[in-house]
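Some notes on the structure that comes next.
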Amino acid sequence: MLQIPEIEKSELTALWQQQWPECAPVGHLLRECFKDVWVRFHSLPTSKRYAQGDAEYGVLLERHNTVLDEMFTDSDVYVITPTWTTHPDVPPHLPDAGYWQSLLYTDDPDPNFRTYYHLFATKRSWQSGCIDDLLRDVADEKVADVMITDTQLRRIYHPYDGGADVLLASTAERDQLRNRHTAWLSDHPSGL
């Protein structure tokens, strides 16, 4: 894994503003901003939210890695992880993750009620299974708002505790991916 050099941080920010101009880099906000390129896949059959036992974790990881492989095989990716705080100071982070940026997520006249969102990113070569521990942590709600992107930020994979929100470069690309995995979609009309 590689830390993000200073020059690449500014390029990453500029690229985000170019590719996703209507939305801050906060995973759970993306589906509302970009519905035309968004699809949600559930990580377990019958839309079950939480895995119980090794067999269900196996299904969950297989589904995540299947889609991630289709999106990123033979590519470098950014693995972006956030830390939430009530202060603007950048918190300590994992040694292999580089600090990217901080956002004031919830503004409040009382500083004790402000929320800050600090983003850390790691650039790595994609290999199936390379982030299984992180995906398990997301599934178990130990980590939230993780994003995996290609280095041009055209495609975003945002796992959550029941599956993943996926944003692709076009509606046609989204439809092709969705059609390959229809059994993993929600029955709800909104796609949630």
Side-chain angles (χ1 to χ4, degrees), residues 1-41 64 67-107 114-127 130-131 134-135 137-138 143-161 163-178 191-192:
M1 288 190 239
L2 305 169
Q3 289 195 31
I4 297 180
E6 284 300 319
I7 190 147
E8 200 166 332
K9 290 179 194 178
S10 61
E11 291 172 6
L12 187 59
T13 300
L15 198 52
W16 183 276
Q17 292 167 349
Q18 177 187 342
Q19 299 287 13
W20 309 100
E22 303 299 318
C23 197
V26 179
H28 70 270
L29 299 178
L30 290 166
R31 73 171 186 264
E32 292 301 319
C33 297
F34 298 98
K35 290 181 181 184
D36 60 326
V37 295
W38 165 80
V39 62
R40 173 172 280 186
F41 295 112
H64 280 301
V67 176
L68 285 161
D69 288 347
E70 290 178 31
M71 294 174 68
F72 303 126
T73 292
D74 297 326
S75 301
D76 285 343
V77 297
Y78 288 116
V79 178
I80 302 168
T81 54
T83 299
W84 298 82
T85 67
T86 55
H87 54 82
D89 300 329
V90 177
H93 52 283
L94 297 174
D96 62 348
Y99 171 72
W100 174 22
Q101 65 173 297
S102 295
L103 309 167
L104 175 60
Y105 185 77
T106 305
D107 199 359
R114 291 183 185 145
T115 306
Y116 295 87
Y117 189 74
H118 307 279
L119 293 163
F120 303 89
T122 302
K123 186 176 180 181
R124 65 172 309 140
S125 294
W126 176 255
Q127 294 177 336
C130 68
I131 60 168
L134 180 61
L135 292 170
D137 285 348
V138 170
V143 181
D145 270 333
V146 169
M147 294 183 289
I148 299 93
T149 74
D150 62 287
T151 57
Q152 294 301 305
L153 302 184
R154 293 169 303 180
R155 294 169 186 84
I156 299 173
Y157 190 86
H158 168 57
Y160 70 97
D161 59 337
D165 289 331
V166 179
L167 293 99
L168 294 156
S170 69
T171 302
E173 186 179 351
R174 185 261 334 252
D175 291 348
Q176 290 171 359
L177 184 65
R178 182 180 59 203
L192 295 174

Test of understanding: with side-chain contact (heavy atoms from CB on, under 4.5 Å), list the residues that count as partners of Asp74, not counting sequence neighbours. none

With sequence neighbours excluded, what pairs up with Thr13 under the side-chain hydrogen bond (donor to acceptor under 3.5 Å, both in side chains) test? Trp100

All heavy atoms of Glu70 vs all of Leu177, minimum pair found to be OE1-CD1, 3.0 Å

With sequence neighbours excluded, residues passing salt bridge (Lys or Arg N to Asp or Glu O under 4.0 Å) with Arg174: none

Taking all heavy atoms of His64 and all of Gly163, pick out the closest pair and write down the distance. CE1-O, 3.3 Å

Could you give the distance from CD (Gln18) to CD (Glu11), rounded to the nearest 0.5 Å? 11.5 Å

Do you know which two heavy atoms are closest between Ser125 and Cys130, and how far apart they sit? O-SG, 4.4 Å

Which atom of Arg40 lies closest to which atom of Tyr160, heavy atoms considered: CD-OH, 3.2 Å

Roughly how far, to the nearest 0.5 Å, is OG1 of Thr83 from OH of Tyr117? 9.5 Å

Hey, what do you get for CH2 (Trp20) to CD1 (Ile156), rounding to the nearest 0.5 Å? 4.5 Å

Could you grab the distance from atom CZ of Arg155 to atom OG of Ser170, nearest 0.5 Å is fine? 8.0 Å

What is the distance from atom CG of Leu12 to atom CD of Gln17, rounded to the nearest 0.5 Å? 10.0 Å

Full working for salt bridge (Lys or Arg N to Asp or Glu O under 4.0 Å) between Arg124 and Asp76: CA-CA 5 Å; Arg124 65 172 309 140; Asp76 285 343; over 6 Å; no

Side chains of Leu68 and Leu135 in contact at under 4.5 Å (non-hydrogen atoms): yes

I need the Thr151 OG1 to Phe72 CZ distance, nearest 0.5 Å. 10.0 Å

Evaluate the ring planes of His118 and Tyr116, with Trp represented by its six-membered ring, and classify them as parallel (under 30°), tilted (30 to 60°) or perpendicular (over 60°). parallel

Pairwise side-chain contact, Pro25 with Leu103, heavy-atom cut-off 4.5 Å (strictly under): yes

Evaluate the criterion side-chain contact (heavy atoms from CB on, under 4.5 Å) for residue pair Thr115 and Trp84; output intermediate values, then yes/no. CA-CA 7 Å; Thr115 306; Trp84 298 82; 3.4 Å; yes

Residues two or more places apart in sequence or in another chain: which of them pass side-chain contact (heavy atoms from CB on, under 4.5 Å) with Asp89? His87

Using side-chain contact (heavy atoms from CB on, under 4.5 Å) as the criterion, list what pairs up with Gln19, not counting sequence neighbours. Leu15, Leu153, Arg154

Let's go through Arg114 and Thr106 carefully: what are the C-alpha distance in whole Å and the side-chain angles of both, what is the deciding distance for side-chain contact (heavy atoms from CB on, under 4.5 Å) to 0.1 Å, and is it a yes or a no? CA-CA 5 Å; Arg114 291 183 185 145; Thr106 305; 6.0 Å; no

Which residues pass the salt bridge (Lys or Arg N to Asp or Glu O under 4.0 Å) test with Asp69, sequence neighbours left out? none

Passing candidate, side-chain contact (heavy atoms from CB on, under 4.5 Å) with Leu119, options Val26, Thr81, Ile80: Ile80

For Asp150 and Tyr78, which heavy atoms make the closest approach, and how far apart are they? O-CD1, 4.0 Å

Within the 4.5 Å heavy-atom criterion, are Thr85 and Pro91 side-chain neighbours or not? yes

Leu168, Val77, Val166, Val146 screened by side-chain contact (heavy atoms from CB on, under 4.5 Å) with Tyr157, the one that passes: Val166

State whether the side chain of Asp165 and the backbone N or O of His28 hold a donor-acceptor pair below 3.5 Å, judged by distance alone. no

Is the count of non-hydrogen atoms from other residues, nucleotides or ligands lying under 6.0 Å from Gln127 atom CD greater than 12? no

Smallest heavy-atom separation, Ser102 atom then Val90 atom, equals OG-CG2, 3.9 Å

